[in-house]
Amino acid sequence: MIELSPRFDFNEVDEKWSKFWVDNNLFHARVNPDKNSYTVLIPPPNVTGILHMGHALNNTLQDIMIRYKRMRGFETLWMPGTDHAGIATQNVVERQLAKEGKTRHDFSREEFLERLWAWKREYGDTIIHQLKKLGASCDWERTRFTMDDGYSLAVRSVFVRLYEKGLIYQGEYIINWCPRCQTALSDEEAEHRDLQGNLYYLRYPVKNEENAFITVATTRPETMLGDTAVAVNPKDKRYKAYIGKTVVLPLVNREIRVVADEFVDAKFGTGAVKVTPAHDPNDFAMGRRHGLDFVNIMRPDGVLNEQAGDFEGMDRFEAREAVIEELSELKLLEKIEPHTHAVGHCYRCHTVVEPYLSRQWFVRMGPLAKPALEAVRKGKIKFYPSRWTKVYLNWMENIRDWCISRQIWWGHRVPVWYCAGDGQCKLACKEPIVSPTVPEKCPHCGSTNLKQDEDVLDTWFSSWLWPFATFGWPLEDKGSKELAYFYPTSSLFTAPEIIFFWVARMIMAGFEFMGDVPFSDVYIHGTVRDAKGRKMSKSLGNAIDPLEIIREYGADALRFSLIINSGQDLFISKEKFEIGRNFANKIWNASRLILMRVSSAGAGFDLEKINTKALDLPSRWIISRFYATLEKVTGAVERYRFSEAESLIYEFFWNNFCDWYLEVVKDRWTDENVQRVALGVLEKSLKMMHPFMPFVTEELWNRTQEGKGSLCIQGWPAFSRKLVDKEAERNMDVLLGLVSAVRTVRTQWNINPGQTVPCQLIVRTKKAAAFLDENLAMIKNAARLETVTITEKAAVKARDAATVLVGEIKCVIPLSGIIDVDKEKKKILAQALEQERALEGLQKRLQNKEFVTKAPAEVVAKEKERSVALQAKVRELKQVIASLE
RNA sequence: GGGCGGUUAGCUCAGCUGGUUAGAGCAUCUGAUUUACAUUCAGAAGGCCGAGGGUUCGAUCCCUUCACCGCCCACCA
């Protein structure tokens, strides 16, 4: 007798097995020529903090696939790790410092970085610990961090290689500047949000002409202080006369030219544009085209500088008000119109970004994008669901150069040194020294007085190397055993917002440095939102902590509930986790029942070797149901349809196995075959459910299948076609229908559920009678019937009894009441009529010569088949109607 | 401005190549339960499948127009 508590105590079980799996090193992958590899690389979580629900979803999906593939016999590698997440992590540490009343400038660069490493050590460990709690079957020995020594070497090498190929360049451009973080941002890091702003119409007096103005419209009037031209469309008749003339920029009294440029849209605003080359990307381009001056009016912190004259020292928004006020006094403000437009915000601190002129490093993306586009177009990389393919292609086709330098301290420092020289070779020394290792001296003048570039690289400039840098590249290259075995990896699981940041860039890096795709499948999952549809976030305070759910409902419940809700975006509230908890408990209790009832007879017995001929109908049925479910589940997992897989499992285990099979055999536990089937189906089910709910299944596996070793390294159940018994399923359906119909009758007539009732089953064939006879005990028991008589003719008049029709079996329960037989008949008649009409249409089509000759042969054949089936169906229905008469 | 997705029961969603009576979970209601599980069981009620048009013998499903919601992208100042 094995004692199990009636409640699944997940806390103890979760703890036990996550420790066991790690202690026994069950997830370590090695190069194994006898097996195919299946590799998944974790999207490394940021070391900014603890894991949120999105991580829980992302990692559960990966774990399901990895555990499934492991059971299918692949050498599976799931590479774990964390990302240093440049700006994001620096921000959280700076916020921590702010609480102490300090800024990073109170520290030296080294001291500040030490704070960051301390943070990383703490949170990096927490994240790994949390992944283990979730049940993630990662190869923990390989845990990587994007700033590990080896990884850093990869980052520097890549920089050098691209630089030498001419794909990295440095230049002055307008970039997205966050005045709060005081760093450049990439285009992807500037989030555009619609803001209600104003369109200000400013008048610029024409030089030497009384009362002549050109009116320009702008959303950022303060930038007028940096204007160096006014532009109009060359075709715009209104302004033709002004082209080449000079206007006087108010407030600063700078004389600026009126230039003609095709870019200007005559229809927008006034058709005249103020040109601020240092503060707007379009104006910058125009400035280049027309050789204009670049006047930078702003300091890096968003405060106006000495170029702003009287406005020096004002914050940009403060200056906006002041400029407008002064222009208004000068009567140079024509009007203000409300205007909604998209404004970039820093993706980390949400400050409005400023288009800012500065010297930055860029990657030329065009050449890199080419093979990456081809790979997806040709299907070498597939997106699941496929609609994301278009999103990817669209971005790649319009790709722009990537600004990779950041003016922060946390990250990979740009591997570029400048010779501060001894004055001997000024010319040569202007050339930067680009090297993966710290250069000892200037190659030109030999000076050892070298200064490294102050900037660090965009965090994604390291992440994009994840698929191979994690394997020790470039010290290990394509020829290395590990890379040859595990690269390209198999599937990538990630969120839609990461497609541009990461997925696309990994594909480009894969081709550039490894000459091959980094992975073949990309699975894009939904976003976890709260019940109101808002994205879960710490700042909104609507986040549900996965650890809290694990504590209250268990890791299996968290995993199961998340996945079954994961079709598209997930709308999660706490109650949603009950389904997983209840299901885990159901599995627990079904196993408990079996353990209590089964002697040693079922142990060590393999379902596949069973002689089905000796089994009763419910047993054949449940075995068949299992294999049918197994096949569908396997197919669903292979197609990344995880929620579908879970629904199938849920329905099978709960509705078929527990509610029917275990109920039906309740009184027959002494039957050895019942024991064998119950335990056999449980054994296979535990395997099938393991990738989804690893803890409860591992625990029960060890309780029911002692000595076989850990469940996570067992084989995935083999599908057995011969055990799918369609006839048993059909027959059982009839019985289930019968029982269910009787139950309905009982409810309708308010018969005490405990009370057994007499019943007459009327059948039309001897075969059906024999079939009922065979399963009489079960029917009686399940439907709570007594004195069931089976006859081939109706012996009771319909109006004296409740009559139910199930297939060809008519069930008559003598009662003081009438069931409306006419209604039943009408229903079937309507059905028959519809089928007949369908048949008619079909036959019409089949007689159509054009259709028969022109349509593909398979289609015609299929239609013929359908026609035959329909005919049979119609005939059958007519018979049923006749039997009702 | 461009693109994508959604609209199915009170709520959250399935419904994968068009075909019996459109499903599930939660919530509601009725009843059961000394017998693995109240985190249980049996049952009920609840749907012109967003609106219009089209294709078809037949449309939740395909085409088209529209409405509303959401997301992504975009240098009209």
Side-chain angles (χ1 to χ4, degrees), chain A residues 4 6-8 174 187-188 192 199-200 216-220 223 231 263-265 267-276 280-285 339 341-342 355 385 387-388 390-391 394-395 398 496-497 499-500 527 529 531 533 535 553 557 561 564-573 575-576 578-597 635-636 639 641 643-644 647 650-651 655 658-659 662-663 666-667 739-740 743-744 746-748 750 752-754 827 830-832 834-845 866 869-870 873 877:
Chain A
L4 287 187
R7 277 293 153 74
F8 169 44
I174 298 277
D187 291 330
E188 291 69 37
H192 289 269
L199 199 53
Y200 302 87
V216 297
T218 179
T219 53
R220 293 186 295 149
T223 62
F263 166 78
V264 179
D265 179 354
K267 289 189 209 94
F268 188 86
T270 61
V273 185
K274 59 189 273 306
V275 183
T276 323
D280 182 278
N282 297 315
D283 295 7
F284 176 80
H339 180 72
H341 60 139
R387 62 189 145 91
W388 296 106
K390 246 180 141 175
V391 176
N394 187 46
W395 187 72
N398 299 295
E497 64 265 26
I499 294 176
F500 306 142
T527 307
R529 298 172 184 282
K535 207 166 167 175
Y553 296 83
S561 310
I564 205 159
N565 279 301
S566 72
Q568 303 195 20
D569 281 2
L570 294 79
F571 297 83
I572 292 293
S573 56
E575 307 82 70
K576 293 249 167 142
E578 286 172 9
I579 187 172
R581 177 198 60 184
N582 294 359
F583 189 45
N585 193 57
K586 192 72 183 176
I587 300 170
W588 180 261
N589 273 295
S591 307
R592 185 165 160 248
L593 169 71
I594 294 168
L595 277 172
M596 288 193 301
R597 296 297 146 79
R639 290 177 299 142
R641 302 182 67 118
S643 62
E644 184 181 316
S647 305
Y650 185 87
E651 196 196 327
N655 300 135
C658 294
D659 286 352
L662 294 182
E663 290 299 329
K666 216 157 205 176
D667 305 325
V739 170
S740 155
R743 280 177 182 167
T744 310
R746 300 178 71 103
T747 314
Q748 275 172 6
N750 281 324
N752 182 345
K827 240 163 129 185
Q831 224 181 73
E834 199 184 320
Q835 300 284 337
E836 250 178 318
R837 278 184 61 198
L839 185 61
E840 226 172 87
L842 206 56
Q843 282 174 341
K844 208 169 92 190
R845 183 182 299 176
R866 271 175 51 198
L870 266 175
K873 182 91 196 175
L877 282 168

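The chains referred to below are lettered A, B, ... by the order of the sequence lines, with proteins before strands, and numbering in each begins at 1. Scope of the values below: all heavy atoms of this structure, side chains included, with no hydrogens, waters or symmetry mates.
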Checklist entry - Quick one: does A:Asp265's side chain get under 4.5 Å of A:Val273's, heavy atoms only? => result no
Quick one: which protein N/O atoms are closer than 3.5 Å to N/O atoms of nucleotides 74-77 of chain B? Pair and distance per line, please.
residue: B:C75; atom: OP1; partner: A:Arg400; partner atom: NH1; Å: 2.9
residue: B:C75; atom: OP1; partner: A:Arg400; partner atom: NH2; Å: 3.1
residue: B:C75; atom: O2'; partner: A:Asn282; partner atom: ND2; Å: 2.7
residue: B:C75; atom: N1; partner: A:Asn282; partner atom: OD1; Å: 3.2
residue: B:C75; atom: O2; partner: A:Asn282; partner atom: OD1; Å: 2.5
residue: B:C75; atom: O2; partner: A:Asn282; partner atom: ND2; Å: 3.3
residue: B:C76; atom: O2; partner: A:Asp265; partner atom: OD2; Å: 2.9
residue: B:C76; atom: N3; partner: A:Asp265; partner atom: OD2; Å: 3.1
residue: B:A77; atom: O2'; partner: A:Ala217; partner atom: O; Å: 3.2
residue: B:A77; atom: N6; partner: A:Asp265; partner atom: O; Å: 2.7
residue: B:A77; atom: N6; partner: A:Phe268; partner atom: O; Å: 3.0
residue: B:A77; atom: N1; partner: A:Asp265; partner atom: N; Å: 3.3

Checklist entry - Would you call the rings of A:Trp395 and A:Phe500 parallel, tilted or perpendicular, where under 30° means parallel and over 60° means perpendicular? => result parallel
Next on the checklist: Less than 4.0 angstrom between a side-chain N/O of A:Arg7 and OP1 or OP2 of B:U39, yes or no?
Outcome noted: yes
Checklist entry - Looking at side-chain heavy atoms only, is the closest gap between A:Lys576 and A:Ile564 below 4.5 Å? => result no
Checklist outcome for this item: Shortest non-hydrogen pair, A:Ala217 vs A:Thr270, comes out as N-OG1, 4.2 Å
Would you tabulate the pairs of protein nitrogen or oxygen atoms and nucleotide nitrogen or oxygen atoms of nucleotides 5-9 of chain B closer than 3.5 angstrom?
residue: B:G5; atom: O2'; partner: A:Gln568; partner atom: OE1; Å: 3.1

Checklist entry - Between B:A14 and B:G5, how far is it from one P atom to the other, in whole Å? => result 14 Å
Next on the checklist: Let's test your reading of the pairing rules: Watson-Crick or G-U wobble, both distances under 3.5 Å, then write RNA chain B as a dot-bracket string with ( ), [ ], | and dots.
Outcome noted: (((((((..((((.....[...)))).((((((....).))))).....(((((..]....))))))))))))....
Next on the checklist: Of the options B:C73, B:U40, B:G25, whose atoms approach the side-chain atoms of A:Lys586 most closely?
Outcome noted: B:U40
Checklist outcome for this item: The nucleotide from B:C37, B:C16, B:U35 with an atom nearest the side chain of A:Arg597 is B:U35
Checklist entry - Side chains of A:Asn282 and A:Phe263: closer than 4.5 Å at any heavy-atom pair? => result yes
Checklist entry - Under a 4.5 Å cut-off applied to non-hydrogen side-chain atoms, are A:Asn565 and A:Ser643 in contact? => result no
Checklist outcome for this item: Taken to the nearest whole Å, CG/A:Asn394 to C1'/B:G2 is 8 Å
Item to check | Side-chain donor/acceptor of A:Arg592 to backbone N/O of A:Leu4, under 3.5 Å | outcome: yes
Next on the checklist: Quick check for you: to the nearest 0.5 Å, what is the distance between A:Met596 atom CE and A:Ser591 atom OG?
Outcome noted: 11.0 Å
Checklist entry - Considering only the C1' atoms, how many Å lie between B:U39 and B:A44, rounded to the nearest integer? => result 23 Å
Checklist entry - Between A:Lys274 and A:Asp283, is there a salt bridge with N-O shorter than 4.0 Å? => result no
Checklist entry - Are A:Asn582 and B:U40 close enough that a side-chain N or O sits under 4.0 Å from OP1 or OP2? => result yes
Checklist entry - For RNA chain B, whose closest nucleotide is more 5', that of A:Asp569 or that of A:Leu593? => result A:Asp569
Checklist entry - Counting just side-chain N and O atoms, does A:Lys576 come under 4.0 Å of either OP1 or OP2 of B:A27? => result no
Item to check | Approximate separation, where rounding is to 0.5 Å, of A:Glu578 CD and A:Glu575 CD | outcome: 6.5 Å
Next on the checklist: Can you check the distance between B:A22 and B:C48, where both ends of the measurement are the P atom (answer in whole Å)?
Outcome noted: 13 Å
Checklist entry - What integer distance in Å separates A:Arg581:CZ from B:C26:C1'? => result 13 Å
Checklist outcome for this item: Out of B:U39, B:G3, B:C37, minimum distance to the side chain of A:Arg592 belongs to B:C37
Checklist entry - If you look at every strand shown and take non-hydrogen atoms under 4.0 Å, does A:Glu497 touch a base, only sugar-phosphate, or nothing? => result nothing
Next on the checklist: When you measure from the side chain of A:Asn589 to the backbone of A:Pro6, do you find a donor-acceptor pair of N or O atoms at a distance under 3.5 Å?
Outcome noted: yes
Item to check | Candidate nucleotides B:C37, B:U12, B:C16, ranked by approach to the side chain of A:Glu644 - the nearest | outcome: B:C16
Checklist entry - With distance as the sole test, does A:Asn585 use its side chain to make a donor-acceptor pair with the main-chain N or O of A:Phe8 at under 3.5 Å? => result yes
Checklist entry - Within the structure shown, what part of the strands sits under 4.0 Å from A:Asp659 by heavy-atom distance: base, sugar-phosphate, or nothing? => result sugar-phosphate
Checklist entry - Looking only at atom P, what distance separates B:C26 and B:G43, rounded to whole Å? => result 15 Å
Checklist entry - Under the 3.5 Å rule, do the base of B:A27 and the side chain of A:Glu575 count as making a donor-acceptor pair? => result no
